[in-house]
Amino acid sequence: MLLRLPTSVPEAQECLAEGAVPIGGATLVWATWQRDGFPELAISLRELPEANAIGAGTVGSAVVLHRIDDRVPDTLRLAAATVGTGAVRRTATVGGNLVGSTLRCLLPPALVLDARATVLESDGVREADLAEVIAKRPLLLGLRWHTPIASAYRKLPGEAGGAPPLVVASALHAGDGTRQRLRVAVRDGYDVLSGTVPVGADAEDTLDALRGTALGDLPADAWDVARPQVLGLLEHGTPA
C-alpha cells in the first residue's frame, strides 16, 4: 500500500482523482484490510494545514483528540477527553471518530453545536451536513459551528464488551431577538437522537417541548441523565 501525505488541497484532490482511499480511522479498519486486502493507494490528511486547524468555531479532521482543549466549546472538549485511553487520544482523530467509528462519541456534540462539515472531493471542497457525512463517509476536512452561549456533555461509564455507554450533549444558542434555542443530542446504544426547541420562560416548559421531538422516544433512564444537564444549562448557563 502506498500512502500519500498531501500538503495542500490541490495535491489532496489529485490523490482522490487517482483513487486514493482515505486512511482516517485506520486503527478501526485495519482488521478489515488485513482480511480483505489493503488498498493500493491511500491518503492521509495529517500534513494538510486545513485538516489540522483548531480554534474559534472550527476543528480539522486530522486533529488528534488529545489536542482538543478550551479553544472549542465544552461539549466537544469533554467528549474528546472521554474517548478511549490517553494512548488512544494521542492517535485518534476527529475525522476517524466521526467517519471511521461506529461509536462516534463526537457526533452528539457536533449535532448540538449545529456543526457543518467541510468535505474534500476530487473536484473541490464543499460543505455538507452531518447526516450526509455519516451516511456517505466522504473525506472529511473539518467542522465549523457557531459558538454557543454554553454547552455540556456527559458520558456514563461503560462495561468492557458491553453496549455503548449513554452519551448526552446539549448546547444553548442565541436565537432571533431574545429567544434562545436549546439543542440536545443523545447516543442511546448505537442510535443518536437529537432535538431543538426554543427556550421558554419556564425550564419545565422547555423540557416538555423537548419531549415532543425525536428525544421523546428515549427510555426513562436516558431522561434521568438528560434532565439535570438541561436544567443546569438553562438555569445557570454552565454544564451540569
Side-chain angles (χ1 to χ4, degrees), residues 24-25 51 53-84 88-89 92-119 127-134 140-158 164-174 180-197 210 213-215 218 222 225-230 232-234 237-240:
I54 180 171
T58 186
V59 66
S61 63
V63 171
V64 291
L65 300 185
H66 88 101
R67 285 186 57 209
I68 295 180
D69 53 24
D70 59 6
R71 287 173 289 181
V72 306
D74 285 344
T75 187
L76 187 58
R77 175 182 59 82
L78 294 170
T82 65
V83 174
V88 168
R89 292 190 291 274
T93 64
V94 170
N97 185 272
L98 284 172
V99 183
S101 169
T102 56
L103 295 178
R104 300 187 180 98
C105 293
L106 300 188
L107 179 57
L111 287 170
V112 301
L113 292 176
D114 201 13
R116 296 285 293 176
T118 303
V119 299
E127 191 177 82
D129 61 30
L130 293 175
E132 179 183 350
V133 169
I134 300 307
L140 181 65
L141 193 59
L143 297 176
R144 293 184 179 278
W145 60 83
H146 294 294
T147 301
I149 297 171
S151 63
Y153 179 88
R154 185 178 177 191
K155 179 180 182 180
L156 295 188
L166 182 78
V167 164
V168 179
S170 57
L172 186 64
H173 294 266
Q180 297 174 341
R181 291 180 300 114
L182 175 69
R183 296 180 65 89
V184 179
V186 178
R187 187 187 72 192
D188 181 31
Y190 289 97
D191 297 325
V192 178
L193 302 176
S194 64
T196 304
V197 295
L210 275 175
T213 69
L215 296 173
L218 290 171
V225 178
R227 176 184 171 84
Q229 184 180 114
V230 168
L233 210 59
L234 292 176
T238 57

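Checking side-chain atoms of N97 against main-chain N and O of C105 turns up a donor-acceptor pair under 3.5 Å. Using a distance-only test at 3.5 Å, with no hydrogens or angles considered, no donor-acceptor pair links the side chain of R183 to the main chain of S194. A donor-acceptor pair is defined here as one N or O able to donate and one able to accept, closer than 3.5 Å; no such pair exists between the side chain of T118 and the backbone of L141. Here the side chain of D129 pairs a donor or acceptor atom with the backbone of E132 at under 3.5 angstrom.
Taking every heavy atom of both residues into account, R89 and A80 meet most closely at CD-O, 3.0 Å.
T213 has its side chain out of reach of T196: every pair of non-hydrogen atoms, C-beta onward, lies at least 4.5 Å apart. L76 is not listed as a side-chain neighbour of Y153, based on a closest heavy-atom distance of 4.5 Å or more. The closest side-chain heavy-atom distance from V197 to R181 is not below 4.5 Å. Within the 4.5 Å cutoff, no side-chain heavy atoms of V192 are placed close to those of R104. By the 4.5 Å heavy-atom criterion applied to side chains, R187 and L103 are counted as neighbours.
Atom CG of L113 and atom CH2 of W145 lie 6.5 Å apart (nearest 0.5 Å). The CD atom of E127 sits 4.0 Å away from the CZ atom of R116 when rounded to the nearest 0.5 Å. Once rounded to the nearest 0.5 Å, the distance linking CG of L182 with CG of L233 reads 6.5 Å. Between the NE2 atom in H173 and the CG atom in D114 there is a gap of 6.0 Å [rounded to 0.5 Å]. A distance of 10.5 Å separates CD in Q229 from CG in L234, rounded to the nearest 0.5 Å. To the nearest 0.5 Å, atoms CG (L130) and CG (L106) are separated by 11.0 Å.
R144 meets the salt bridge (charged side-chain N to carboxylate O under 4.0 Å, His left out) test with no other residue; sequence neighbours excluded.
Put simply, the residue from L218, V230, V186 that forms a side-chain contact (heavy atoms from CB on, under 4.5 Å) with V168 is V186.
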Please list, one pair per line, the donor and acceptor atoms closer than 3.5 Å that link side chains of residues 65-73 to other protein atoms, with sequence neighbours excluded.
unit_1: R67; atom_1: NH1; unit_2: N52; atom_2: O; d: 3.4
unit_1: D69; atom_1: OD1; unit_2: R71; atom_2: N; d: 3.1
unit_1: D69; atom_1: OD1; unit_2: R71; atom_2: NE; d: 2.9
unit_1: D69; atom_1: OD2; unit_2: R71; atom_2: NE; d: 3.3
unit_1: D69; atom_1: OD2; unit_2: R71; atom_2: NH2; d: 3.2

